[in-house]
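Written out below as C-alpha cells is the structure these notes cover.
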Amino acid sequence: MKRGWVLLPAVLLFLAGGVGEQFSVPEKTYIYGNIGHPVKIYVKMYQNSPFLACMDNELSQTEIIDPIALWMGPNGKHLKETNHTSLTPEGKLMITNFRESMSGSYVCILTYKLVSEETQKEQEIYNTYTFMIFGYQEPDYAYQMAVRFTTDSCNGKKNSQFFQLLTKMLEDIVFDLTCHIEEPSYKCHLLEIPKHKLKDQIFIAFRVRPFPEGVRDACRKVLNCEEITNSKVHQARNRIEEFFLQQTVVLENEFNFIPDIHYIDHSFKVIRIDSCRPGFGKNDILHSDCASCCVSTAAAL
C-alpha cells in the first residue's frame, strides 16, 4: 500500500489505497511510521504536530510484548518530556508549538519481544522509524494587476495626468487596509485590431502589497500573522476589481476628459504572487505534497 502525507493547518490528509482516496485525520490520531521509508509530515508554524506512533500500521494491529520506544530529535539527542515535546506512556510523540528550529529528522527505535508460548524462549526485535517533520508557513500574498484604457492619442500630457490621478485613487481605496500600490507604470501603444480602425491604448500595470509596517504590526499581535496580512491584501484586490467594474460611473465624476479616455471592458487582469519569508522556501520536487507551502529550510532530507 502506497502512503503519502499532506498537512493542512488543522488536519492531516492521508492518501491511501486507490488514487484520489482521501480522508481527514483528527489532530490526536496516531501517525504510523514505515520501516525503510521516512514519513514526511508538514506542521504549520506555532501549531502542534499529530501524535507520531513508534510503530508501523501493521504492527499496531498485533499484540506487542514489553515495548520500549526511544525517540531522538534532529540533533541526535534523546527526547524527553519538555515544553515542546509530549510523550505518552506508550511512547507516542507530539511536538507542540512548533518552531522553525524543530524541523528535521525524528527517529524512533522500538524494542519489543517475541515469546514462544511453548518454550518461553524470547527474541528481542528492534525496529527503526524515521519521521521527517517540516515546519511551514502560508506564503505572503501580493497581486500583480493590469488594465487597459482607450485614448484619443498617445501624445500630450493628458495620459500622464490620468495615470497619476488613477494611481492616487487606487492608493486611497486600499490605504485603510494597510496596503499600497507598488511599481505603477503605464505605456501607450497604437494597436491594429481586426475589423476595427487603428486605436491608441494605455496599458497600465501595478502591484498591490501590504505596507511593511502593517506586516510588522500584525506580527507583534499574533504569531501566524501572514493570515491577517493575506486577508487584507485579498480585500484590497477585491476592492480594486470592483472599482474597475464600476469604471464609467466613477471616472465621469473624476476626469473632465472622460470622453477621450475609456476603460476597456474585461481588460482587468490579476495574478497572485507568493513570496516566502527568510528561512522558508518552496520546492515543488522535494515538497510536492505541500507545493504551495513556504517550508522551513532548516531541515533537509
Side-chain angles (χ1 to χ4, degrees), residues 1-82 84-99 102-115 122-136 286-291 293 295-296 298-301:
M1 181 181 292
K2 185 178 180 181
R3 297 184 176 87
W5 305 89
V6 182
L7 187 70
L8 297 180
V11 298
L12 199 72
L13 291 183
F14 174 45
L15 313 181
V19 175
E21 181 184 348
Q22 301 184 3
F23 56 91
S24 296
V25 180
E27 187 176 320
K28 291 186 178 180
T29 297
Y30 304 137
I31 305 304
Y32 295 100
N34 190 341
I35 295 178
H37 299 283
V39 175
K40 284 186 183 180
I41 298 173
Y42 297 88
V43 181
K44 193 168 186 178
M45 296 299 296
Y46 310 110
Q47 303 296 315
N48 298 341
S49 77
F51 276 102
L52 311 180
C54 188
M55 65 179 64
D56 52 78
N57 189 57
E58 182 179 355
L59 192 60
S60 71
Q61 309 300 316
T62 64
E63 185 178 72
I64 305 175
I65 300 175
D66 295 337
I68 299 175
L70 179 64
W71 283 94
M72 290 177 287
N75 59 6
K77 295 181 179 180
H78 294 164
L79 290 178
K80 299 179 181 180
E81 187 89 15
T82 68
H84 291 286
T85 55
S86 177
L87 286 166
T88 70
E90 298 81 17
K92 296 176 176 66
L93 172 69
M94 173 189 280
I95 312 298
T96 60
N97 195 15
F98 200 88
R99 303 302 175 95
M102 299 176 187
S103 294
S105 175
Y106 288 77
V107 177
C108 184
I109 299 174
L110 174 66
T111 305
Y112 63 98
K113 296 175 181 177
L114 296 179
V115 180
E122 297 181 359
Q123 179 184 0
E124 202 160 47
I125 305 296
Y126 298 88
N127 288 350
T128 301
Y129 303 97
T130 301
F131 297 85
M132 287 301 304
I133 306 183
F134 300 93
Y136 80 96
L286 182 60
H287 302 298
S288 58
D289 288 339
C290 203
C293 305
V295 181
S296 171
L301 289 177

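Only a predicted model underlies this, so the values are computations on that prediction, with no experimental measurement involved.
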Looking only at heavy atoms, what is the nearest atom pair of [X] and [Y], with distance?
X: W71; Y: G91; answer: NE1-O, 2.7 Å
X: L79; Y: T85; answer: CD2-CG2, 4.4 Å
X: I109; Y: M72; answer: CD1-CE, 3.9 Å
X: L110; Y: C54; answer: CD2-O, 3.2 Å
X: A53; Y: Y30; answer: CB-CB, 4.1 Å
X: Y112; Y: P67; answer: CB-CA, 4.1 Å

Margin query: Using a 6.0 Å distance limit plus a 45 degree cone around the ring axis, check whether K44 lies over the aromatic ring of F98.
Written below: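 Here K44 fails the 6.0 Å and 45° test against F98.
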
Checklist line | L93, I31, T88 screened by side chain to side chain contact (heavy atoms under 4.5 Å, CB included) with F51, the one that passes | finding: T88

Note to self: Using 0.5 Å steps for rounding, measure from the SG atom of C108 to the NZ atom of K92.
What the structure shows: 10.0 Å

Next item on the list: Mind checking the CD-CG spacing from E58 to N34? Nearest 0.5 Å is all I need.
Entry: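 One gets 10.5 Å once the value is rounded to the nearest 0.5 Å.
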
Name all residues meeting the side-chain hydrogen bond (donor to acceptor under 3.5 Å, both in side chains) criterion together with [X]; count only those two or more places apart in sequence or in a different chain, and write none if there are none.
X: T62; result: none
X: E124; result: Y126
X: S86; result: none
X: Y129; result: D56, N127

Report yes if some heavy atom in the side chain of [X] is under 4.5 Å from a heavy atom in the side chain of [Y]; otherwise report no.
X: I64; Y: L59; answer: yes
X: I95; Y: Y106; answer: yes
X: V39; Y: Y32; answer: no
X: K40; Y: L286; answer: yes

Note to self: Set out, in order, the CA-CA distance, both residues' side-chain angles and the distance that settles side chain to side chain contact (heavy atoms under 4.5 Å, CB included) for M132 and I41, then state yes or no.
What the structure shows: CA-CA 6 Å; M132 287 301 304; I41 298 173; over 6 Å; no

Note to self: Given 3.5 Å as the limit, does a donor-acceptor pair link the side chain of N97 with the main chain of H84, or not?
What the structure shows: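 Here the side-chain-to-backbone pair does not exist.
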
Notebook entry, point to check: Which residue pairs pass the salt bridge (Lys or Arg N to Asp or Glu O under 4.0 Å) test with at least one member in residues 104-113, sequence neighbours excluded?
Noted result: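 Checked against salt bridge (Lys or Arg N to Asp or Glu O under 4.0 Å) - neighbours excluded - the pairs reaching residues 104-113 are D66-K113, K113-E122.
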
Check: Which residues pass the side-chain contact (heavy atoms from CB on, under 4.5 Å) test with T130, sequence neighbours left out?
Finding: P38, S105, V107

Margin query: Going by side-chain contact (heavy atoms from CB on, under 4.5 Å), name the residues that satisfy it together with Q123, two or more places apart in sequence or in a different chain.
Written below: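 Once residues adjacent in sequence are excluded, the partners of Q123 under the side-chain contact (heavy atoms from CB on, under 4.5 Å) criterion are L114, I125.
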
Check: Would you call the rings of H287 and F134 parallel, tilted or perpendicular if under 30° counts as parallel and over 60° as perpendicular?
Finding: perpendicular

